[in-house]
Amino acid sequence: MDPELQREIEAHIHIETDRLISQGMSPAQARAAARRRFGNPTSTLETCYEQSRWMPGERFLQDLRYALRGMRRSPGFTTVAVTLLALGIGANTAIFSVMDAVLLKMLPIRNPQNLFIALPHADGRDQSSSYPVYRDLHDQQRSLASLFATSGETSVYRIRFPGDRYSAPAKVAVDMVSGKYFNVLGVEPRLGRFFTAEDDRNFGGSPVVVASHDFWQRQLRGDPAAVGSPIVLNSTTFTILGVAPRGFFGEAVGVGIDLWAPLTMQTAFAGEALKSRDSIWLKMFARPRDGVPLRQAEAELTALYRETMKREARPPRNMDTVYVRLIPGGKGWGGYPRLLEKPLKILMAMVGFVLLIACANIANLLLARGAARRREMGVRLALGCGRARLVRQMLTESLLLAVAGAALGLLVAQWGIRFIQALFVSAEEPIHVWIDTDWRVLAFTAAAGLLTGLLFGIAPALRASATPVASSLQAGGSRSVTGGRLWLSRSLVVTQVIFSLVVLVSAGLLVRSLRNLRGIDTGFDRTQTLVFGVNDFFNPDAKSLTPDRLRTVIERMEAVPGVRSASLSAYGLMAGARMNTEISHQDLPPGTKPIRLRVDSVSSGYFRTIGARILYGREFGVTDAGPNARAVVLSQSAARKLFGDQPPLGKLISLRPKFDAKTAFEVVGITADLRHDGLRDDSAPMLYAPLLRSGGNFQSAEFRIGAPVGTITPAIRNLFERENILVRDVLTLEERADATITMERTLASLATVFGILALAVSAAGLYGLLAYSTARRTSEIGVRLALGARQSRIVCQVLNEAVRLCALGVAVGLPVALAAARLTRSTLFGLEPTDPLTIAGTASVLLCTALLAAFVPAWRASRIDPAAALRHE
Amino acid sequence: MRYDPDRLELLQGTLEMLILRTLVFGPLHGQAIGHAIQSRSDGEFLVEHGSLYPALQRLLAKGWLEAKWGTSDNNRKARFYRLTELGRKHLAAETSKWERLSAAIARVMNPSHGEQGA
């Protein structure tokens, strides 16, 4: 308690006692009377103490109580505001959660800040490593605490559980890793155990795998007894050694690894690569040794790398540009973060604008509500409530709305995340991201809620507190506001139009870009061609695939009812794999460098089957088979690249660096350029060799079909099963093409959702403003109608206001929208961010929406009954 | 402890205004302020003197008053309160507001002015 106050109170009672004595009371009476008049000193002390200590908190609680009461009293307003906020904040939280998972979050490993990628650089680009190179670095380095390697995702299509204990999936993603992979990452097994250093020494002798938690749940039914049970991958029987913890997907973000296997088991998954310096397939990770600077470790690795690279068949030309860098690896390593960064930033910006639109909208609702509450404010001010207190009270109400919106937003976000995750996983090339609501997401949502609460609350709060006391208390005061006070509401509507324009222009650009991509001429017919992805690189039957065998297979393929023609190819279209070869031709002066060209081997009828045009000459026929077949087909751009303007037909080409006329091939046909890798990729110059020359592995079977896909597919599957040909996937070329633009499709569909959201919210905002302003002008309109104004004129006037506001928003918003659209430039295809058609289209959509939103208030205004309106006054 | 916020605010606002008004003619100590309010209102406000002190503290906190220890007429140590420049301004504003309010209330309460609303 405050001793000064205590002394003061004592003095007060003494003085009062003195006064009463001087009026003639006895000292005892006077003391008692003085005490009585003072009241309870302890209670005074307590009150003073409480108010000095608890006043802010107490007031806050009181504000909160008022706010809750206010919300209960206007459920309509509260519902609309909270719904808008939940949508806005939810969309932001959802996109941020994905961004967090893909770009921000560290891997779920021990000490992720201390994990580095050891990235070799040679011949002007970053390199993966061969196993011998990795072993050299691993065995000789001294400056790192540990160095390990991984292969990244390898797909396996031949999976079997002996005794059919579990159902086998069509495909598993395997990551081959060093024995100490899990140890160094610091991941603890959920079940069983992980690999050991021993597994690094047993070449081909450690048939063990670790299952991901997801795989264990999905395929092994979460069965603890699965640990120790066998699984056959390709033709090797592995034992399941353990299960990784939940949420651990390996070192690459976006790639869903099902199984980990030791590097030393590589031959079980593909041709022998452990001894070869030509197989470049490993990524390296490092943990630095305590006290050794990164620079020093990099210097040592660089020296070792240069040394081992000298032993390559073709060593790098300039050793000065060969080095190893250690770059932070705690966020993992994979293509997806790079692929998704731009789209996520675009979406983040869009949802940000959507939230701003929602804010402006709610601010307007609050203003309208504030006008309705003028009398309440006036009374409170008159009764001695401070204006600052009133502002705080109003802000508390806004923040309460924001908190409710943010809480609901978290729920909306969960739904949104599931939606995005479904988009990711349903893609032909699924993206696996572990999205969860971590502290960063919660902090983001809280900050978004707080900021929006302040943003939409501040103007209405200031306005309410500026209520003039006297006029607000006068009879009819709530109607005496003049039109001049609507400027704030109007500018908030214009703001909504501006931000809508920004969102809609970007969405429009992305949608039109997607249309451009889809409409592109790929050079082949995408709708009538069905493609079976067959076999894989590790095909045990590859040697038995002789030209005769292939010819028989093709004949049987063509005999399937509904198939018009069929073909086989080594790589095929949009399969993600490719081969480049160095070639030479007759016109190349001796001693010049050979030309690198992409090569595919295709059977007769290939171009007819995929619907590609032959521009000159012919395509492969049944005679282009056997060891004497000497025909090749070039794409148009390859012909130009090799022979310039000379007629290419009949020219001779060697499929090796040195030209040799005796073994050379003759150009028999020229095809149109094809987009082999997807819709975005430019057509590469291409050389086609006859597959039926020497036979061999093929990974694609094409069918030109004349019947629905669903009726043909089972027959072809049966055929391939009989022929012992593995089927990996079945897709039309259209579906394969779509798979190459998954990112663009996802981006465009989410952008469309946000665009529609922005449009709907601002239309509602405009509608609200017009409804409010015409309602307040009821008497004015009534007078005008009574004086003979035509209804159409009233309608025009309201529509005119809508168009003016919208046009102003578009005019102001255009530069903003153009600046924001620049963000999309790198993802756009076939149009510029300044595309006039998109901008004009967006502006007209906005204007039409404005007219639509204005129509109801306009119509209602024109139907005002003059007599009733005047009586109202 | 439950209190009715509306009534307390009325008391707070009004009491503060009355204290400020009492101090216009010069510094006074707590007892003198209480006595002055009571005698000038012809005893209409029976203010417990103890309730003055929380109000005085609030006024100090807002910077409308200053306080200094001094000696009273009958030689007792007492704490004297003085109106600051800020307090004087606030009082002026409050006074005009009060006049408008009481006039408005009078109009509303006077039945000859008709009912509220249209």
Side-chain angles (χ1 to χ4, degrees), chain A residues 2 4-5 7-19 21-22 34-52 55 58-59 61-62 65-66 375 378-386 389 468-479 871-873, chain B residues 1 3 5-17 29-35 38 46-58 60-62 67 69 71-79 81 94 96-105 107-108 113-118:
Chain A
D2 184 356
E4 188 176 36
L5 186 61
R7 270 197 294 148
E8 199 178 355
I9 291 171
E10 275 161 25
H12 182 121
I13 293 170
H14 279 302
I15 295 171
E16 181 74 8
T17 312
D18 288 350
R19 190 179 67 83
I21 290 172
S22 72
R35 281 194 187 286
R36 204 163 44 243
R37 182 152 301 174
F38 189 87
N40 181 355
T42 317
S43 134
T44 300
L45 281 166
E46 271 172 2
T47 312
C48 285
Y49 175 72
E50 294 265 315
Q51 93 179 0
S52 70
M55 211 143 89
E58 185 80 15
R59 271 196 196 159
L61 281 180
Q62 196 187 343
R65 231 173 298 145
Y66 278 162
R375 187 166 309 196
V379 169
R380 296 189 58 193
L381 283 168
L383 293 180
C385 176
R389 178 74 197 280
V469 176
S471 71
S472 66
L473 284 182
Q474 278 160 6
S478 69
R479 230 188 319 136
R871 252 199 319 276
H872 181 64
E873 186 64 10
Chain B
M1 182 182 79
Y3 66 162
D6 287 339
R7 227 181 92 207
L8 190 70
E9 283 199 347
L10 169 64
L11 278 172
Q12 263 179 19
T14 320
L15 185 58
E16 284 173 14
M17 186 170 69
H29 52 70
Q31 184 271 341
I33 295 172
H35 188 66
Q38 203 174 330
L46 196 62
V47 187
E48 274 196 350
H49 286 190
S51 67
L52 281 175
Y53 287 90
L56 285 168
Q57 283 211 332
R58 284 196 297 275
L60 279 175
K62 284 172 182 166
W69 284 91
T71 315
S72 74
D73 296 343
N74 43 8
N75 262 337
R76 287 210 183 265
K77 280 272 187 197
R79 208 169 174 214
Y81 293 88
E94 281 292 297
S96 90
K97 198 172 94 179
W98 169 252
E99 279 160 4
R100 275 157 52 212
L101 174 67
S102 53
I105 291 176
R107 280 200 303 276
V108 172
H113 275 70
E115 323 126 86
Q116 271 190 319

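Computed from a predicted model, the values in this text were never measured in an experiment. Throughout, protein chains are lettered first and strands after them, A, B, ... in sequence-line order, and every chain is numbered starting at 1.
In this structure the side chain of A:Ile13 never reaches within 4.5 angstrom of the side chain of B:His49, judged on heavy atoms. A heavy-atom distance below 4.5 Å is found between the side chains of A:Thr44 and B:Pro54.
We find the CZ-NE2 distance between A:Arg37 and B:His35 to be 8.5 Å, quoted to the nearest 0.5 Å.
More than 12 heavy atoms of other shown residues, nucleotides or ligands fall within 6.0 angstrom of atom CG in A:Asn40. Atom CZ of A:Arg19 sits in a crowded spot, with more than 12 heavy atoms from other residues, nucleotides or ligands closer than 6.0 Å.
Looking only at atom types and distance, the side chain of A:Glu8 has no donor-acceptor partner in the side chain of B:Trp69 under 3.5 Å away.
Heavy atoms closer than 4.5 Å to chain A are found in both the backbone and the side chain of B:Arg79. Proximity to chain B (any heavy atom under 4.5 Å) is shown, for A:Glu10, by neither the backbone nor the side chain.
Pairing each heavy atom of A:Ile15 with each of B:Ala78, the nearest pair is CD1-CB, 3.9 Å.
In this structure a side-chain-to-backbone donor-acceptor pair under 3.5 Å is present from A:His12 to B:Gln31.
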